[in-house]
Amino acid sequence: PIFSGVALPLLKGASVLARAARQDELSANQQVREGVTRAYYGVLTSREAEALASEAVTTNEAARDLAVRTVEAGLAAPRASLQAELAVSAAARDARNARAARVEAELALARLTGLPVDTPVVLPPPVVLPVDPRASGFDTGARPDVLAAEERAQVARRERDANALGWAPEVDARFTYSWSENVGFSGRNDLWLIVLEARWLLWDGGYRLAKAREAASHVRAADLAALRTREVAAEEAAVGWERVLRAQSAVEAVTREIALAEKNLSQAQLGFGAGSLTFLELQSAELQLRSSRLNALVERMNLDLAAVAWQRSVGEY
């Protein structure tokens with residue numbers, strides 16, 4: 001082939017389509033990484049929740065024993081022991097649910113990463129975020145799906161150009177060389193031949209015109225798809241940042257709750273030492289502090305996951 005009008009645009013379009021496929025792969029990798037992050041935090045929080053549920057069972061069992069002795073001594077109505085038994089049953093049910101959630105979270109992480117289900121997990125460092133990107137706007141141009149949509153719009157334009165250049169003639173060349181031991185009448189052993197051929201389709205019944213209209217429609221559809229992808233990306237970035245701010249506020253609030261729970265535990269320890277509080281009340285204060293710390297872990301998880309989702313929405317993850 002010496003000249004083909006459709007060859008070069010289609011070749012460039014194939015190269016652009018390969019870049020779009022690589023962007024799709026990068027986008028899929030980012031989604032997998034975000035899923036692994038969620039699974040990792042799921043294991044971390046479910047293990048803490050199971051430990052807290054087990055302590056709650058122990059605390060409620062101690063309260064039940066105390067209620068039974070109080071009722072036997074005639075210091076409380078029989079209803080107190082029934083309420084304590086109900087509390088033990090509810091705590092045991094919560095403990096079983098927490099164990100099931102922990103097993104499910106460990107299996108999910110093992111399925112995603114191939115790690116053993118008993119892999120130890122620790123709290124990672126917090127995600128570093130900009131101060132406030134709303135002032136300069138959210139730049140989503142680095143998102144792989146946005147880039148892939150723009151690349152596919154380019155592919156549609158290349159196909160339109162190829163269809164337009166299909167009106168040009170095609171020129172081919174052929175070179176033939178042969179050699180024979182028998183010289184024949186020419187007196188030579190070899191023979192060569194060069195053939196140039198041009199083909200020009202002048203009329204095809206309107207087929208190329210229909211293909212041109214179809215290619216133009218594909219270009220408009222691809223441009224609209226790219227525009228829609230950019231708009232969705234901008235919306236995700238804006239909503240994601242609001243979720244980050246909300247998670248930051250929740251972390252600050254639960255930090256104050258931990259401080260109050262620690263102060264409550266300190267006062268309960270003083271009261272238990274002075275004899276004004278029972279050991280059960282001291283255990284309840286300790287359980288409340290542990291519950292506040294679990295809430296802090298959950299809110300920290302929500303903040304990190306919101307930060308990861310926002311980073312992915314702007315193409316930085």
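What you see below is based on every heavy atom in this structure, not just the backbone, and it leaves out hydrogens, waters and symmetry mates.
Pairing each heavy atom of Ala268 with each of Ala285, the nearest pair is CB-CB, 3.8 Å. When all heavy atoms of Ala105 and Ser46 are compared, the pair lying nearest together is CB-OG, 3.7 Å. In terms of heavy-atom proximity, Arg38 sits nearest to Ala309 at NH2-CB, 4.5 Å. Across all their heavy atoms, Thr59 and Ser284 have their closest contact at CG2-OG, 4.2 Å. Of all non-hydrogen atoms in Asp304 and Pro125, the two that sit nearest each other are OD2-O, 4.4 Å. In this structure, Ala233 and Val146 approach most closely via the heavy-atom pair CB-CG2, 3.8 Å.
Asp223 pairs with exactly one of His218, Arg157, Arg228, Arg152 by the side-chain hydrogen bond (donor to acceptor under 3.5 Å, both in side chains) rule, that one being Arg157. Considering Arg312, Gln23, Gln31 as possible partners of Pro144, the one that fulfils the side-chain contact (heavy atoms from CB on, under 4.5 Å) test is Gln23.
Atom CD in Gln30 sits 4.5 Å away from atom CG in Leu26 (nearest 0.5 Å). In this structure, CG in Leu265 is found 13.5 Å from NZ in Lys263, a value given to the nearest 0.5 Å. Asp24 contributes atom CG, which lies 10.5 Å from atom CG of Leu147 (distance to the nearest 0.5 angstrom). Between the CG atom of Asn60 and the CD atom of Glu85 there is a distance of 10.0 Å, given to the nearest 0.5 Å. Residue Ile258 holds its CD1 atom at 8.5 Å from CG of Asn295, rounded to the nearest 0.5 Å. Atom-to-atom distance recorded for Thr113:OG1 and Tyr40:OH is 11.0 Å, nearest 0.5 angstrom.
Inspection of the Arg246 and Ser249 side chains reveals no N or O donor paired with an N or O acceptor under 3.5 Å.
Criterion: ILVMFWY side-chain heavy atoms under 4.5 Å apart, direct or through other members. Under it, Leu209 and Trp203 are not part of a common hydrophobic cluster. Linking ILVMFWY residues whenever their side-chain heavy atoms come closer than 4.5 Å, directly or via other members, places Trp241 and Val314 in the same cluster. Hydrophobic clustering (side-chain heavy atoms under 4.5 Å, transitive across Ile, Leu, Val, Met, Phe, Trp, Tyr) groups Val32 together with Leu112. In this structure, Leu115 is not a member of the same hydrophobic cluster as Val122, with clusters built from ILVMFWY side-chain heavy atoms closer than 4.5 Å. Transitive grouping of hydrophobic side chains (ILVMFWY, heavy atoms separated by less than 4.5 Å) brings Val117 and Val103 into a common cluster.
Looking at Arg293 and Arg290, their side chains never come closer than 4.5 Å, going by heavy atoms from C-beta outward. Side chains of Arg47 and Glu106 form a contact here, defined as non-hydrogen atoms less than 4.5 Å apart. Contact check for Asn163 versus Val6: no side-chain heavy atoms found under the 4.5 Å cut-off. Counting heavy atoms from C-beta on, the side chains of Thr140 and Ser313 never come closer than 4.5 Å.
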Return all side-chain donor-acceptor pairs below 3.5 angstrom for residues 8-19, not counting sequence neighbours, or 'none' if the list is empty.
unit_1, atom_1, unit_2, atom_2, d
Arg19, NE, Glu151, OE2, 3.3
Arg19, NH2, Glu151, OE1, 3.3

From CA spacing to verdict: side-chain contact (heavy atoms from CB on, under 4.5 Å), Thr37, Leu305: CA-CA 7 Å; Thr37 303; Leu305 293 180; 3.8 Å; yes

Verdict with supporting geometry, Glu25 and Arg22, salt bridge (charged side-chain N to carboxylate O under 4.0 Å, His left out): CA-CA 5 Å; Glu25 180 186 10; Arg22 285 192 290 269; over 6 Å; no

Verdict with supporting geometry, Leu287 and Leu52, side-chain contact (heavy atoms from CB on, under 4.5 Å): CA-CA 7 Å; Leu287 187 61; Leu52 179 63; 3.2 Å; yes

Verdict with reasoning, Glu150 to Arg230, per salt bridge (charged side-chain N to carboxylate O under 4.0 Å, His left out): CA-CA 9 Å; Glu150 293 176 349; Arg230 289 193 295 269; 3.3 Å; yes

Criterion side-chain contact (heavy atoms from CB on, under 4.5 Å) on Leu123 and Leu297, from CA distance to verdict: CA-CA 9 Å; Leu123 185 65; Leu297 178 61; 3.6 Å; yes

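No donor-acceptor pair under 3.5 Å is formed between the side chain of Asp190 and the backbone N or O of Ser178. In this structure, the side chain of Ser266 does not engage the main chain of Glu262 through any donor-acceptor pair within 3.5 Å. A distance-only check finds a donor-acceptor pair linking the side chain of Ser292 to the backbone of Gln288 [under 3.5 Å]. In this structure, the side chain of Tyr41 does not engage the main chain of Val298 through any donor-acceptor pair within 3.5 Å.
Enclosure of atom CH2 in Trp179 by more than 12 non-hydrogen atoms of other residues, nucleotides or ligands within 6.0 angstrom is indicated. Other residues, nucleotides and ligands place no more than 12 heavy atoms under 6.0 Å from the CD atom of Glu104.
Sequence neighbours left out, the pairs with a member in residues 192-202 that pass salt bridge (charged side-chain N to carboxylate O under 4.0 Å, His left out) are Glu170-Arg199, Asp172-Arg199, Glu197-Arg199.
Partners of Glu257 according to the side-chain hydrogen bond (donor to acceptor under 3.5 Å, both in side chains) rule, which considers only residues two or more places apart in sequence or in another chain, do not exist here.
Remark: Arg208 is positioned above the aromatic ring of Trp167, its terminal NZ or CZ atom under 6.0 angstrom from the ring centre and at most 45 degrees off the axis.
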